[in-house]
Amino acid sequence: MLRAGAAADTVTIDGLLREPAWAAADAADAFTQTDPAEGVPATLRTTVRVPAGPGVLVIGVMCEDDPDRIGSFSVIPRCRAAGGGPRTHRARPFRDGRSGYVFAVNPRGARYDSLIISGGDAESVGWDSIWEASTASTPNGWSAEIRIPIRTLIFKPDVDECHFNVERRIQRLLETDRWASASRQYRLRQTSRAGLEGARFIRYMPHVSHALRGRR
């Protein structure tokens, strides 16, 4: 369980994760390879934090890497081939095993989003909503911040937690790391399988839950 932090409205989206809200939020860093060595701990550390606030959810990712060896394929917004980093963030606000959202960003700031449909068998790339992201180089690798307005997502009014997952691709190592459900037989978007293989959740603080209910 990853409990969402507070004070997301104090975060400036510059990729640097330097506001106090980041240090105060719970961290998730137990990533496991799906490729090339399934089940083995990730070669490089990835740390995820999720501050939240009225009307907004912010995802921050710190990626350990050699700054001189970081690579990515594209700088074009909404380019699907935006590889080279923590490229996919999945949220399932309905917890229904059928639907969800994908948000991805690479080290150069190229973004991609989609709507998960058909129980995870497909993505609707025509879905294009409002969100922002920024990345930054650090002495130990790179980092990313993503701000998602709650109005971008649709939540059930009685749900205060949702399935959540993060996947990182390190192209030069041909390595894919995942926070939850680190199994090759499941794609990250397969929400119907998340409950069977180590499903993990984000839990929203009460004031955030109220904001979600007011913005169905």
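Rounded to the nearest 0.5 Å, atoms CZ (R184) and CZ (R178) are 11.0 Å apart. One finds the CZ atom of R69 at 11.0 Å from the CD1 atom of I170 (value rounded to the nearest 0.5 Å). Distance CG/L44 to CG/L173: 6.0 Å, rounded to 0.5 Å. In this structure, the separation between CD1 on I59 and CG on L17 is 11.5 Å, given to the nearest 0.5 Å. Interatomic distance, R169 CZ to T176 OG1, rounded to the nearest 0.5 Å: 4.0 Å. How far OG1 of T43 is from CD of E64: 10.0 Å, rounded to the nearest 0.5 Å.
Within the structure, salt bridge (charged side-chain N to carboxylate O under 4.0 Å, His left out) pairs that include any residue of residues 39-49 comprise D29-R45 (at least two apart or interchain). Pairs of residues two or more places apart, or lying in two chains, that qualify as salt bridge (charged side-chain N to carboxylate O under 4.0 Å, His left out) and include a residue from residues 15-26 are D14-R18.
Among all heavy-atom pairs drawn from A21 and P51, the shortest one is O-CG, 4.2 Å. In plain terms, the two heavy atoms of W142 and I70 that are nearest each other are CD1-CD1, 3.6 Å. Considering every non-hydrogen atom in both Y101 and L115, the closest pair reads CE2-CD1, 3.6 Å.
Proximity of V56 to V11: side-chain heavy atoms (C-beta onward) are nowhere separated by under 4.5 Å. Looking at I116 and V102, their side chains come closer than 4.5 Å, going by heavy atoms from C-beta outward. A heavy-atom distance below 4.5 Å is not found between the side chains of V40 and T32.
Counted by atom type alone, W179 and E167 present zero donor-acceptor pairs between their side chains at under 3.5 Å.
A salt bridge does not link R172 with D66: none of the charged nitrogens is closer than 4.0 Å to a carboxylate oxygen.
By the criterion of side-chain heavy atoms lying less than 4.5 angstrom apart, applied directly or through intervening Ile, Leu, Val, Met, Phe, Trp or Tyr residues, L16 is not grouped with I146; the two fall into different hydrophobic clusters.
More than 12 heavy-atom neighbours from other residues, nucleotides or ligands sit within 6.0 angstrom of CG on L174.
Listed by chain and residue number, R147 satisfy the salt bridge (Lys or Arg N to Asp or Glu O under 4.0 Å) test with E132 (two or more places apart in sequence, or in another chain).
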